[in-house]
Amino acid sequence: MNPIIVALDFPTLEEANRLAGMLDGHVGGFKVGMELLMGEGPRAIETIAGHGRPVFADAKLHDIPNTVEAAATRIRDAGARWVTVHSGGGLEMIEAANSGMGDTGVLVVTVLTSISDSDLPTIGIDAQLADQVVAMTHLAASGAAEGVVCSPAEIISVKGAESGLKVFTPGVRLSGSTPDDQKRTATPREAVSDGADHLIIGRPITRADDPVETAREIVASIAS
Ligand code: C5P
C-alpha cells in the first residue's frame, strides 16, 4: 500500500484537481483541507474523489454531537474516506462523528502541533503535552475512531498507547530539504519505521519542480 496522502493546499479546486490528476497512480490518497472546503464546499471532495483515490477531509470538526454527526454525514456523502475531528469535543462527539461517517473513517486530532507545553494551562489543561496526547489517544479509541493525527515525535507513544489505531503523520520531509514552518519533522522512512500508517505530505511534493518524480523518490526511500 502506498502510504502517501498528498495535502492539496491550494486556494482553488482547479489547481488542486490539476495536481491530483498528475499524481494519480503515484500516491495513496489526497487530503482536502479547510481552505478548499471553505472556498469550494463539498464539491471539492467530490471532484478529488473522482480520481479514485481515498480522500481525507481535514475539516477538524468540533461542535455539539448532533451538529458534528450531520456534518460528517455530508462529508461522507461527498465521497470522503476520512474526516478529522478535535479531541476536545469529547467522547460523545467522536461517537457522533463515527455514526455520521457510517462507523468508519474518523480521525482524532489529539493536540494541535501548534500547541506547546506552556499553552496547555492557558486553555485549562493541567497536564504535560506528551501525557495529554496519550490521554486523547485513549479517548479516540474509546470512541471507536479509526485513527489519530499526530506529529512524527508522537508516533511511538501513540502506537504504544493504542496499537489498534492508525497513525496519520504530517511534518514529513526528505532529508536535507526545507522544513518550511514544520517544527518536528521526520523523513518518510523514519516516520514509517516508527509506526506511521499514512504520511500526510504537502509542500515537498506540491511545490516540487517535478511532483511525480518526488512522489516516486519518497516511495522508493521508504522501500529501501
Ligand atoms: O506542506 P506540508 O507537508 O507541511 O503539509 C502538511 C499538511 O498537514 C498541511 O495540510 C497541514 O495543514 C496538515 N497538518 C499539519 N499538522 C497537523 C495537522 C495537519 O501540518 N498537526
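Computed from a predicted structure; not experimentally measured. Both counts, for ligands and for their atoms, begin at 1 and track the order of listing.
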S.K.: For Glu92, I'd like to know if atom CD has over 12 heavy atoms of other residues, nucleotides or ligands within 6.0 Å.
M.R.: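 Check fails, neighbour count at 12 or below.
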S.K.: Going by the side chain to side chain contact (heavy atoms under 4.5 Å, CB included) test, name the single residue among Ser151, Pro188, Pro3 that passes it with Val172.
M.R.: Pro188
S.K.: Is any side-chain N of the basic residue among Glu213 and Arg216 closer than 4.0 Å to the acidic one's carboxylate O?
M.R.: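 Yes, this pair counts.
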S.K.: Can Arg203 and Asp181 be counted as an ion pair, charged N to O under 4.0 angstrom?
M.R.: yes
S.K.: Taking atom OG of Ser221 and atom CD of Glu190, what is their separation to the nearest 0.5 Å?
M.R.: 10.0 Å
S.K.: Mind checking what residues have non-hydrogen atoms under 4.0 angstrom from ligand 1?
M.R.: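 For ligand 1, the contacting residues are Ala7, Asp9, Lys31, Lys60, Thr113, Pro170, Arg173, Gln182, Ile200, Ile201, Gly202, Arg203, Pro204.
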S.K.: Salt bridge or not for Glu46 and Arg43, using N-O below 4.0 Å?
M.R.: no
